[in-house]
Amino acid sequence: MSDPVDQEIARKTRRAFLVGGAAAVVGGGAWAALKWSPMDQGVQTPLRVAHRANEKLSETFFSPARMARTFDAAALQEPRVNGRVGLEGEEEWSLTLVDAGGHSIPLKLEDIQSLPKAEMITELKCIEGWSRIIKWGGARFADFAAKYAPQQTDPNDYVALETPDKLYYVGLDMPSAMHPQTLLCYEMNGAELEWEHGYPLRLVMPIKYGIKNLKRIGRIQFTKTRPRDYWAERGYDWYSGF
Ligand SMILES: Nc1nc2c(c(=O)[nH]1)N[C@H]1C(S)=C(S)[C@@H](COP(=O)(O)O)O[C@H]1N2
Ligand SMILES: [Mo]
């Protein structure tokens, strides 16, 4: 453990443990009540309280400046499909950018493909406990923003994404959206995206859990207010980073 980066991670982990431990003690009384506590947006209330504590933790400790691990081609895995919300309707695909002033700008897939192509081999982690190492190809969100939404990337602002039918939606803090490994992807393992992986365009950000990696992007909005988020509304951490 001579590597200062390792030391830093170990220190933060210990610290997170301590804070988490304190939260567990506070939560101890509530734990007994779990059995009968009312469901609040699908998650029992004491669990929601724990999620809020975690939310604060991820905001504090899991800096979006950190890079997610990348892998060699030898580590590639077969994709696994998870989550079809927003992929099943009849809705035709189209892409709209909504700028911070509320103006809609229609875009084409070629507009994304004409940006510098970025490729990375990273791990897509699902909160259900599985992961897949995949090669992604697409445009950096930061390059997209620089071209189509210049001067709209204040670090205190947000980005909202949704499927064309609006059934799945994700909110991102600006530093995470602008992270160099946050890509608007049109390729997966060297081929065009398959339908169930979000054809023709999806978000991939290995600094966040799968739930934030929205498939089939129909709308990208720059906004000053924290956007709604499909899984945050169902009790998960709004940041969902690690
Ligand atoms: N439109 C849409 N995007 C989505 C989901 C979904 O239900 N609908 N599920 C998410 C979840 S929970 C995961 S783990 C990943 C899985 O991506 P994959 O099917 O390409 O492996 O997609 C994410 N993006
Ligand atoms: Mo997931």
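Start at 1 and go down the list; that is how both ligands and their atoms are numbered. Computed from a prediction, not measured in an experiment: that's the story for all the values here.
Side-chain contact between V98 and F222: absent, with no pair of heavy atoms (C-beta onward) separated by less than 4.5 Å. Using a 4.5 Å cut-off on side-chain heavy atoms (C-beta onward), I121 and T70 make no contact. When side chains are defined from C-beta on, K166 counts as touching R219, because their heavy atoms get closer than 4.5 Å. The shortest distance between side-chain heavy atoms of L95 and K108 does not fall below 4.5 Å. Side-chain contact between N156 and M174 is absent, with no heavy atoms from C-beta onward closer than 4.5 Å.
In R202, the part holding a heavy atom less than 4.0 Å from any atom of ligand 1 is the side chain. Neither the backbone nor the side chain of R132 has a heavy atom within less than 4.0 Å of ligand 1. Here L124 has side-chain heavy atoms under 4.0 Å from ligand 1, and that is the only part of it that gets that close.
If you check which protein heavy atom lies closest to atom 5 (C) of ligand 1, you get Y168 CZ, 3.6 Å. For atom 23 (C) of ligand 1, the nearest non-hydrogen atom of the protein is G210 O, 3.2 Å. The protein atom (non-hydrogen) at minimum distance from atom 2 (C) of ligand 1 is V85 O, 3.2 Å. Ranking protein heavy atoms by distance to atom 16 (C) of ligand 1, first place goes to N82 O, 3.3 Å. In terms of protein heavy-atom proximity, atom 21 (O) of ligand 1 is nearest to R80 O, 2.5 Å. If you check which protein heavy atom lies closest to atom 24 (N) of ligand 1, you get N213 O, 3.0 Å. Atom 3 (N) of ligand 1 has as its closest protein heavy atom K215 N, 3.0 Å.
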Q: Given side chain to side chain donor-acceptor pair (under 3.5 Å), test E233 with Y169 step by step and report yes or no.
A: CA-CA 10 Å; E233 286 173 0; Y169 39 92; 2.6 Å; yes

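A cation-pi contact, defined as under 6.0 Å to the ring centre and within 45° of the axis, is absent between K215 and W195.
Residues W136 and L201 do not share a hydrophobic cluster, clusters being chains of Ile/Leu/Val/Met/Phe/Trp/Tyr side chains in contact below 4.5 Å.
Each of C185, S176, S240 was evaluated against M205; a single residue qualifies, S176, per the side chain to side chain contact (heavy atoms under 4.5 Å, CB included) test.
If you number the atoms of ligand 1 from 1 as listed, the ones under 4.0 Å from a heavy atom of C126 come out as 14 (S). For ligand 1, the atoms closer than 4.0 angstrom to any heavy atom of V81 are 19 (O). Listed by atom number, the atoms of ligand 1 under 4.0 Å from T163 heavy atoms are 1 (N).
Heavy atoms of G83 approach ligand 1 to within less than 4.0 angstrom. Heavy atoms of R216 stay at 4.0 angstrom or farther from ligand 1.
Residue T163 holds its OG1 atom at 15.0 Å from CZ of R84, rounded to the nearest 0.5 Å.
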